[in-house]
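Just so you know, residue 1 is the first one in the sequence shown, and it goes up from there. What you are looking at is a predicted structure, and each value in this text was computed from that prediction instead of being measured.
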Amino acid sequence: MRFGIPIYLHSKNPSEKTEIKIDIDYDAYVLSLIKTGLSAENPSLFKELFEKPTQKCYATSVFFPNATFTKNSIILNREGEMKLYFSTANTNIGINFYNAFIYLNHLDVSTLPFGHEYLADVKKLYTIELPKITQNRAIFKTMSPIVVRDNNGRFISCPTNTTEQEIIKFNEALRRNTFNKLKDSPMLASTVEELRFKPLKMRKTVRKSFGLNIECTKGIFELEGNATLLNYINSGGLGEKSGSFSGMISLI
């Protein structure tokens with residue numbers, strides 16, 4: 001279950017005709033929109049997901065069409081356009097987030113702040129059909145970078161020039177994280193040991209999120225494993241922090 005949600009930012013002072021420029025560390029602003037919608041539509045699910053640390057079984061990413069990126073900021077296009085993507089394999093979560101985005105769409109733009117300077121106009125969401133994976137090997141690209149931590153809690157990446165030993169460590173960390181997400185699905189969790197990540201055209205990058213500089217990986221890669229598990233990952237995201245604009249992938 002995957003949605004696209006167009007969002008347009010406007011200055012709180014309409015008389016100002018300045019460019020729409022947001023901080024490169026935008027996660028808190030977008031997450032605030034999501035929380036506003038979900039807390040209104042399902043307060044109990046909101047508490048379950050956001051009032052205590054929990055592995056998120058969904059993925060998010062943000063796309064800025066024709067934007068200009070600098071070291072510390074993003075200058076949006078003339079319309080102030082951005083696109084939020086949400087994806088999950090969990091039907092209950094998907095329905096509740098669907099309703100949350102519908103709620104945001106019906107709010108007056110003047111009531112929905114985006115940081116201190118802007119207002120967010122959340123447009124009508126649209127659904128994106130995901131192709132079915134039927135084999136035990138598939139090639140993907142990242143829609144938001146893949147975040148993985150090793151046993152010591154250190155963020156690690158897996159670019160194309162990674163050594164074989166480093167790929168093994170990355171796979172171990174990736175399988176551990178995937179297994180933890182599947183504690184309520186023991187049959188699917190039993191297939192995690194077969195999961196293999198192979199970088200094809202990947203590069204290391206660093207993204208800023210909630211004040212942290214996070215080492216991560218983006219690009220094209222191959223996943224080998226149980227087809228049902230691959231479909232789950234394609235819908236729900238790969239790696240850690242998938243609920244914080246990391247780990248969304250797309251089949252190619």
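The main-chain N or O of Asn92 is found under 3.5 Å from a side-chain atom of Asn96 such that the two form a donor-acceptor pair. For Thr36 (side chain) and Ser32 (main-chain N/O), a donor-acceptor pair under 3.5 Å exists by modelled atom type. Under the 3.5 Å distance criterion, the side-chain polar atoms of Asn77 are left unmatched by any main-chain donor or acceptor of Asn66. Between the side chain of Asn42 and the backbone N or O of Leu38, no donor-acceptor pair lies under 3.5 Å. The backbone N or O of Ser157 sits nowhere less than 3.5 Å from a side-chain atom of Thr217 that would complete a donor-acceptor pair. Within the 3.5 Å criterion, the main-chain N or O of Lys208 finds no donor-acceptor partner in the side chain of Asn213.
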Start with the C-alpha gap between Leu130 and Ser87, add the side-chain angles, then the distance that decides, and say whether side chain to side chain contact (heavy atoms under 4.5 Å, CB included) holds.
CA-CA 10 Å; Leu130 295 179; Ser87 187; 4.3 Å; yes

Just do the side chain to side chain contact (heavy atoms under 4.5 Å, CB included) check on Leu45 and Glu48 with the steps written out, would you?
CA-CA 5 Å; Leu45 180 60; Glu48 180 184 337; 4.0 Å; yes

Start with the C-alpha distance between Leu112 and Leu119, add both sets of side-chain angles, then the distance that settles side chain to side chain contact (heavy atoms under 4.5 Å, CB included), and finish with yes or no.
CA-CA 6 Å; Leu112 199 55; Leu119 298 168; 5.9 Å; no

Determine, step by step, whether Leu195 and Ile233 satisfy the side chain to side chain contact (heavy atoms under 4.5 Å, CB included) criterion, reporting the C-alpha distance in whole Å, the side-chain angles of both residues, the deciding distance to 0.1 Å, and the verdict.
CA-CA 11 Å; Leu195 186 65; Ile233 291 171; 3.9 Å; yes

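Side-chain contact of Glu166 with Thr163: a donor-acceptor pair under 3.5 Å is present, judged by distance alone. With no hydrogens or angles considered, a side-chain donor-acceptor pair links Arg176 and Asn151 at under 3.5 Å. Side chain to side chain, Asn13 and Ser11 fail the donor-acceptor criterion of an N or O pair below 3.5 Å.
Proximity of the aromatic rings of Phe63 and Tyr85 is defined here by a centroid distance below 6.0 angstrom, and this criterion is not met. Note: Tyr26 and Phe210 fail the aromatic proximity criterion, with ring centroids not under 6.0 Å apart. Aromatic ring centroids of Phe3 and Tyr98 lie under 6.0 Å apart.
A side-chain contact (heavy atoms from CB on, under 4.5 Å) with Val192 holds for exactly one of Asn180, Asn226, Thr178; it is Thr178.
A salt bridge links Asp27 with Arg207: the distance from a Lys NZ or Arg NE/NH1/NH2 to an Asp or Glu carboxylate oxygen falls below 4.0 Å. Salt bridge absent: Lys198 and Glu224 never bring a charged side-chain N and a carboxylate O closer than 4.0 Å.
The neighbour count for Lys47 NZ, taken as heavy atoms of other residues, nucleotides or ligands under 6.0 Å away, does not exceed 12. Other residues, nucleotides and ligands place more than 12 heavy atoms under 6.0 Å from the CZ atom of Phe155.
Ile146 is not connected to Met248 by any chain of hydrophobic side-chain contacts under 4.5 Å among Ile, Leu, Val, Met, Phe, Trp and Tyr, and they are in different clusters. Note on Val30: it clusters hydrophobically with Ile93, by side-chain heavy-atom contacts below 4.5 Å among ILVMFWY residues.
Pairs passing the side chain to side chain donor-acceptor pair (under 3.5 Å) check and including a residue from residues 117-132, sequence neighbours excluded, read Asp121-Lys123. The side chain to side chain donor-acceptor pair (under 3.5 Å) pairs that include a residue from residues 67-76 are Thr70-Ser73, where partners are two or more places apart or lie in different chains.
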